[in-house]
2 protein chains.
Amino acid sequence: MSDNNKIPYKIYLSEDEIPKQWYNVRADMKNKPAPLLNPATLKPMGFEDLRPVFCDELIKQELDDTTPYIDIPQEVQDFYKMYRPSPLVRAYCLEKALGTPAKIYYKFEGNNTSGSHKLNSAIVQAYYAKKQGLKGVTTETGAGQWGTALSMASAYLGIDCKVYMVKVSYEQKPFRREVMRTYGASVTPSPSMDTEIGRKINAEHPGTTGSLGCAISEAVEVATKTEGYRYVLGSVLNQVLLHQTVIGLEAKAALDKYNITPDVIIGCAGGGSNLGGLISPFMGEKLRGEKDYRIVAVEPASCPSFTRGKFAYDFCDTGMVCPLAKMYTLGSNFIPSANHAGGLRYHGMSPILSQLYHDGYMEAISVEQTSVFEAAQQFARVEGILPAPESSHAIRAAIDEALKCKETGEKKTILFGLTGTGYFDMVAYQKFNDGEMTDYIPSDEELAKSFATLPKVEG
Amino acid sequence: MSDNNKIPYKIYLSEDEIPKQWYNVRADMKNKPAPLLNPATLKPMGFEDLRPVFCDELIKQELDDTTPYIDIPQEVQDFYKMYRPSPLVRAYCLEKALGTPAKIYYKFEGNNTSGSHKLNSAIVQAYYAKKQGLKGVTTETGAGQWGTALSMASAYLGIDCKVYMVKVSYEQKPFRREVMRTYGASVTPSPSMDTEIGRKINAEHPGTTGSLGCAISEAVEVATKTEGYRYVLGSVLNQVLLHQTVIGLEAKAALDKYNITPDVIIGCAGGGSNLGGLISPFMGEKLRGEKDYRIVAVEPASCPSFTRGKFAYDFCDTGMVCPLAKMYTLGSNFIPSANHAGGLRYHGMSPILSQLYHDGYMEAISVEQTSVFEAAQQFARVEGILPAPESSHAIRAAIDEALKCKETGEKKTILFGLTGTGYFDMVAYQKFNDGEMTDYIPSDEELAKSFATLPKVEG
């Protein structure tokens, strides 16, 4: 970069430059992600099989692995204009604090009330639900960003929104509930006593703090048993990764303006929606052999689906009522230890990312949460933004990468996804501030026990 | 406006367009704000008198009522680039929801971790403290935005930060404390037992929930008794209004780009820093007779300094150790009733704004908090942003103004200041969501009792 010092702190696109189409990375994958399977018959699920659970238009997107670009409806584009384009930030202050020759950029998705990138898909799913004439949607939420995002989108469109919130998050984040209620949503801690599956899980695991897999089962049960409702999901699914490509498309357009090519692209990975959205356009170039990038997924050591999971068909939920997906998984009854703060607590991983990882197109690392909060604090103090614990996994990895550059003298360009803000994570920050945060790495025995529940499926 | 439909949802300036000078509205005022008085001698305070309390460079700004433009130091400009320019938003969705012919714009200052405009002055005051070679700064905070802002600025510059937080806010906003601690600040609920004045107030008013005036006394006491520390203030003072003019200067530049002239400019008013900052460049044109604008201050009915206060010299703090300022005041021992949520709880008002109001250049109205939260909820659901209770006073007034336009058919252009986000105000939102929020209007007798403490000063 010759004109390095001309790059502003924040590269903003204009509203006209917000993407008008999503990019479907599956179109460029030789090995497509494996199809969803019916949990009863173990046969691939088609459009009709999925209709009781999902909105029609979203099923089409879920199943379409050949169309490279898919139009963003005008109404969704208008909503995007309320909080997008999001800034691509040059981390000048972090670079200076680290004393690194690396150039660090982050795409910041936290400048909206949901506090994260989740709104990018929430508005789409709520829009198609409304367009189909439905009364409302049900969903689960872990850290709470997705539930908030869906509440916002539902309020904007005037449809009903029922959220099942993982109990441990519900208790750690009392104010998240109030944000969702302010947007008119109903919020129930999961497992609840409202659903068959909730009652069953509560009976089998008294005092359980819940899991995303369990909350999904509850939300799906309510959607399929209530007239005029469908279930929507904030991550994992192909459609969600598709919607989240606005992140990567904007990031790439902003970098292209200044002729910047990242060497390494880093994102945190829970279900994979932010990571998939950020990397898709870059991955497309890599898949087509046009360019090469190092792409790194960062996950919690306490929930290590990529780095220690199995690539296999598994249930997407604890109740085993959802379709089976082929993905890196820790087993559908895996629940992160109670000291795990924040999100990134899902047992599985996006089938798209799982296939790409399996095929060697990306790397994955895991990091422990105390070191994640150290990175979060350092970042907050120099860059100003108080990051979400989830996002801070990517910060940790970006800082480590920049510190390696400091040792080697390499002037690498690092791009990472800063998915959101930590304003509702102060219980976790307080633990860290008080020196009471602990780490946890599941033992091989624990994982073996959890793997034993994997369904026996060829594929 | 002929090209009305070409106006984007958000008008962003480029980083080059961030103001390089603040605008000092006092230079254009015929009746200057009255000088600060020494609380012991009741004589106007000069540079030397103020040195034990404030940083030298800030005193110069405080006393300068003739220089129209004052340079923003390069280091502060660089910091501004991390979160500025802030967007000027066209409230298309709110307009549609209200069915009003009015055009509504808001300048949104909440996209930074302090959650408000307060950072604009915090970085300046911390910068001059560091430049003067000081070890640290002390301050008070009410709703918590100012304390967070100062913590952020202090962390960035590597100086110490001691915050005295009004006890009721400290209790209502437990997580604010953790944000400040994450940025390395110490936070003490006020009145504390750490200071002479704190012990005195606790003894005289057992169980008091505190006030800004009391927290100011404590912070000033600590600053003047601790080597290498000075006191800094988040509102009221002339210097703070000066720094906050970046809001108005950016807003005006953004409007000018599209040839838009507001008919009405609305801001919430506590100590007056956001309102003063927003209106200053417009007020300058009005004072110079170049243009006319309706300018409206909105304050809580429970703390009505403009609409029911007296224009008189009064102490800035409860402990009566600070200089006296001539301002609209409810009396320095006025404490808003305990059911008052959020900020805007100061007993006095910026001397600059007080003089302008006294001279008829602006209007003031007061609103009750239940109606404020109704406006906040309506705004959040259509515009996406969850507003701070303080900012929602301006939303209430802007909505009412737009509804009047609906009745009359007038196509007025309304500009209001959206000072921040309500992420740390969920206790108040919960009360509202549960239907348990109440209003309070102090009786004339209550105010008379409080006015009786006004010092006897000619002026």
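As the structure is a computational prediction, the values presented were derived from the model and not from experiment. Quick note on labels: first sequence line is chain A, next is B, and so on, each numbered from 1.
- Interface check for chain A: of the options B:Leu119, B:Val89, B:Val382, B:Asp78, the most heavy-atom pairs under 4.5 Å are formed by B:Asp78.
- Using a cut-off of 4.0 Å between Lys/Arg side-chain N and Asp/Glu carboxylate O, B:Lys103 and B:Glu95 are scored as not salt-bridged.
- The two residues B:Glu15 and B:Arg84 come nearest to each other via the heavy atoms CG-O, 4.4 Å.
- The residue among B:Ala380, B:Gly422, B:Ser154, B:Ser151 with the most heavy atom pairs within less than 4.5 Å of chain A is B:Ala380.
- For B:Thr421, no part sits under 4.5 Å from any heavy atom of chain A, backbone or side chain.
- Among the candidates B:Gln377, B:Arg177, B:Arg181, the residue making the largest number of heavy-atom pairs closer than 4.5 Å to chain A is B:Arg181.
- If you measure heavy-atom distances from B:Asp434 to chain A, the contacts under 4.5 Å come from both the backbone and the side chain.
- The contact between B:Tyr423 and chain A is made by backbone and side chain atoms together, counting heavy-atom distances below 4.5 Å.
- Looking at B:Asn112, only its backbone comes within 4.5 Å of chain A, counting heavy atoms on both sides.
- Stacking of A:Arg381 on the aromatic ring of B:Tyr156 is not recorded, the 6.0 Å distance cut-off and the 45° axial limit not both being met.
- When each of B:Asp16, B:Ile385, B:Thr113 is scored by its heavy-atom pairs under 4.5 Å with chain A, the top score falls to B:Thr113.
- To the nearest 0.5 Å, the span separating OG1 on B:Thr370 from CZ on B:Arg396 amounts to 11.0 Å.
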**OP:** Please lay out, stage by stage, how A:Gln77 and A:Ile18 fare under the test side-chain contact (heavy atoms from CB on, under 4.5 Å).
**Re:** CA-CA 8 Å; A:Gln77 287 188 43; A:Ile18 294 176; 5.8 Å; no
Subject >> Stepwise side-chain contact (heavy atoms from CB on, under 4.5 Å) check, A:Glu17 with A:Lys257 >> reply: CA-CA 11 Å; A:Glu17 294 171 302; A:Lys257 277 201 176 186; 3.1 Å; yes
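- Contacts between A:Val179 and chain B at a heavy-atom distance below 4.5 Å involve backbone atoms as well as side-chain atoms.
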Which atom pairs, one a donor and one an acceptor, fall under 3.5 Å between side chains of residues 424-432 of chain A and the rest of the protein, sequence neighbours left out?
from: A:Asp425; atom 1: OD1; to: A:Lys173; atom 2: NZ; distance (Å): 2.5
from: A:Tyr429; atom 1: OH; to: A:Pro387; atom 2: O; distance (Å): 2.7

